[in-house]
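Presented below is the structure to which this report refers.
Each residue takes its place number in the sequence, starting with 1.
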Amino acid sequence: DWNAPEDEGGILAGMKASSWKLRKAAIDALALFIKQLANTWDSSPSEFPSSAITVMVKENTKSFKESNFNVMKAIMSLFISICEAQTVLKKSLSSWICKEAVPIAVEKIADRKCSELANSLLTAICVIRTPQSVVQLAIKAVESIKSPLPHESLMKWCVAFCKDFGVNSLGAYVKDVVSWVLQECEKTNANIRKTAISLIAELHVQLGPVLKALIKASSYDKLPSTTKNQIESTFESSPFDPDSSKVTRPKSCIILSSDGGSQSTNGGNSPLAVEIEIPKTDLVESLPKDCLTRMVTKEGKNAWKIRKQALDEVEAALEKCGGLVDCSPPSIVSLTELLKALRDRMSDSQSNLKPLAAKLIGSILSAADSIAQAKLGKIAYTPLIHAVINDNKKIMREASMTALKTGTEKLEIDGGGPNSLSHESLILPLVSEINDSEYKGGGLPEILSFLVDRAEFFPKVDSLTSKGQQSEQKLAKQIVACLTSSKSETRSAAEKALTKFVEVGALKLNSIEKGMKTLLPAQQRSVSVIVGNLKSLSSSAIEKENIKETPKKSLNSTQRLVTPAKRSARKDAKKESVVARARRDGSAPRSGRDRSVPRPDRESSVPRRERESSVPRSVRERSSSSKRPDRVRNTALTSNTPEPHEKRRSTKDVTRMNCDESIQDSLEESSHVSQHPLHSKNSGNVSKEERSLKRKNWPEFTEEQPGNEQLASLKKLWSPLLPSSSI
């Protein structure tokens, strides 16, 4: 009841009462009234009475300066209710109410009795006002408070805010937040410094390289060395998470969500990722005006010291810019002039300046964006590659190689990693310098190893233009020519480079073959083996792709799936039937060996006499009779008789037939077995004589000196039964 007496709970009378309990009860009644009104409020043209209620409370509480903490808690609860009502109505809070509420929350944020409500009030205001305006007001309010507790408590709330809303919701105001945190790091209070480091850790997890650039662009140089070390260690302990910007936060600002139109599908509003303004430095403008002039001076005995001083000035300017160089069209022209001056210093007469110039070139290229890096690299890549291949000093080769690696990588804020545009600009300098080295440079293996590591970032042959195809053919020609180098390290690295480039599709086999044809005939013969291996590698890769792309055909009801196992079984059955038919006809080939009988060991432990006794006597007699002169005469007489050309038989065939007949006769005489002893018998009725004959150890020919008569007879005797490779 608005007009009731204060004893009966009247709101107007309670607000003007002297008792803090009545004032607190009236404020609580207003908070409840606002909540109920928001739930029943329709979209009428009249304005929601949040501003009118705030004005009335302000006039009756000495502009929110109540000494009783219970009344102050009631006031903060009223502000929270107003924020919740505005959230239900999806309307922004008036800016003047925000300016009144935020200082109250900051002032009471360290109070044990009011700290919970103060934190909740700041969070509730961020939902219906832009977070950057709320944080800006909070930082402004805390700077006027000398007590360290509000500073510490506000930074703790900022850590929770970054986790709930995301750092991106601060937008361009992140720069001011970083400056404030660095100021807090300079405070003498240890708890404040510790809390400031924890806030930097959370900022680095979400911003990463952006935070590093913002810190270096602010008062980072003024910090003590101990604080710098703590910040650097915090970067390592809290690494950057690239996916943090994609995480759905538990809270969001309805103003940003309505402007961006992005609604989360996981039950809450997803904050709009506002573009953060990253400070970039015009490097040449930050240098002294005569820096480039002094960098190329050669007059006087101390000219090299003047040049070194100019190089030191460039290095200091790069450190201050935080690794981000302005690459706008006006600035790119001055950067080109600076790189040309540094390129001349790579061939300086003072050897100590050459590695420093190479290092600065790599730092400038790594601080430029991807497109500008590819353009500037056309000036700097050639001298860097030349130094890696041909320079005599190791320190210069290492500095140039490091500059080449860092000068072809993207900025961390762009995702980091190798830059494909820069690798495309790297091809022509590589072709030129490898050709000029005549494939004898000491650092050529390092360049080729670098190509192996970065092969996947070179342009693919499928997406090349006509100009790019010419560059690809030139590169293939030079790498193939490296296979003819006199140094084994260069040849090995070139082979790996070709293999890797073919695997990733950065070189065509046709280009490699064309490059091979430009070599001398002797060189082509030595390189053809490697190119042949590349062909097999490419064909196998194509076959795998075809297998993956070939769709599986559905079988009809009349079709049967023939597996490899069934196919091999059919082949074995057909082969066995052919062999059995040939044996029945007496025309089976006798040069093979029946695999059903286990083959005895070549080096048998049976003594020689026992091995000879195991052979049937009739076999030995027939083998000895084959050496008689009259048998030879009969063979000669029969061979002199004229026969048709088709029926003529060689001496080897006749000998083989005689041996087969002698073995068959001896077996018939000894055991009366009609089947060959080395052929398996499928029938189950096997006599004792057959089983005893199979158990006999049929020896192979012994390892004796050639010319022995017994060895020769055994060879002739067993030659039809053993493979030709074992005789």
Side-chain angles (χ1 to χ4, degrees), residues 48 50-51 54 58 64 72 75-111 114-145 150-181 183-184 195-196 199 202-203 206-207 214 249-260 268-277:
F48 190 75
S50 57
S51 298
T54 305
K58 180 180 180 180
F64 309 114
M72 291 303 301
I75 292 173
M76 286 189 288
S77 298
L78 175 64
F79 279 123
I80 292 174
S81 299
I82 292 174
C83 293
E84 291 175 350
Q86 296 294 130
T87 304
V88 172
L89 299 174
K90 294 184 179 180
K91 293 184 179 181
S92 176
L93 184 67
S94 299
S95 60
W96 75 270
I97 299 178
C98 182
K99 291 179 181 178
E100 294 289 343
V102 170
I104 296 174
V106 173
E107 185 179 354
K108 298 297 181 180
I109 197 170
D111 195 333
C114 303
S115 60
E116 185 177 354
L117 281 173
N119 283 279
S120 301
L121 177 56
L122 290 174
T123 303
I125 297 174
C126 288
V127 174
I128 55 174
R129 292 291 297 179
T130 55
Q132 57 181 349
S133 62
V134 178
V135 175
Q136 185 178 10
L137 290 172
I139 293 174
K140 184 178 180 180
V142 81
E143 287 178 347
S144 60
I145 301 175
H151 292 260
E152 179 185 353
S153 300
L154 182 60
M155 283 188 289
K156 288 181 178 179
W157 174 83
C158 287
V159 173
F161 165 83
C162 293
K163 294 179 180 179
D164 292 341
F165 289 84
V167 182
N168 286 340
S169 61
L170 293 175
Y173 193 69
V174 171
K175 180 180 178 181
D176 297 329
V177 174
V178 172
S179 299
W180 170 63
V181 173
Q183 291 177 4
E184 297 296 321
T195 310
L199 179 55
E202 182 61 31
L203 291 173
Q206 299 189 34
L207 296 179
L214 293 172
R249 301 291 174 178
K251 298 182 182 298
S252 64
C253 176
I254 62 173
I255 306 300
L256 298 179
S257 298
S258 60
D259 292 343
N269 291 331
S270 178
L272 178 68
V274 183
E275 289 292 336
I276 299 175
E277 183 181 354

Do the side-chain N and O atoms of Ser133 and Thr130 include a donor-acceptor pair separated by under 3.5 angstrom?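 Judged by distance alone, the side chains do pair up.
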
Please tell me whether Gln136 and Gln132 have a donor and an acceptor in their side chains that are separated by less than 3.5 angstrom.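 No, no side-chain donor-acceptor pair sits under 3.5 Å.
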
Quick one: pull up [atom1] in [X] and [atom2] in [Y] and give me the separation to the nearest 0.5 Å.
X: Leu154; Y: Ile109; atom1: CG; atom2: CD1; answer: 5.0 Å
X: Leu93; Y: Cys83; atom1: CG; atom2: SG; answer: 5.0 Å
X: Leu121; Y: Met76; atom1: CG; atom2: CE; answer: 7.5 Å
X: Trp157; Y: Cys126; atom1: CH2; atom2: SG; answer: 4.0 Å

Would you indicate whether the side-chain heavy atoms of Leu214 and Leu203 approach each other to under 4.5 Å?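 No - every pair of side-chain heavy atoms lies 4.5 Å or more apart.
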
Are Met72 and Ile75 close enough that some pair of their side-chain heavy atoms sits under 4.5 Å apart?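 A side-chain contact under 4.5 Å exists here.
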
Which side-chain N or O atoms in residues 95-106 pair as donor and acceptor under 3.5 Å with protein atoms at least two apart or in another chain?
{"residue": "Glu100", "atom": "OE2", "partner": "Lys58", "partner atom": "NZ", "Å": "3.0"}

Any donor and acceptor pair, going by atom type alone, linking the side chain of Thr195 with main-chain N or O of Glu152 inside 3.5 Å?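 Answer holds: no.
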
Has His151 got a side-chain atom pairing as donor or acceptor with Ile145's backbone, closer than 3.5 angstrom?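 Pair found, side chain donor or acceptor close to backbone of Ile145.
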
For a quick test of reading the model, state the closest non-hydrogen atom pair linking Lys163 to Arg249 and the distance between them.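 Closest pair (atom of Lys163, atom of Arg249, distance): O-NH1, 3.3 Å.
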
Counting only heavy atoms not in Glu143, do more than 12 sit closer than 6.0 Å to its CD atom?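 Atom CD in Glu143 is crowded, with more than 12 foreign heavy atoms closer than 6.0 Å.
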
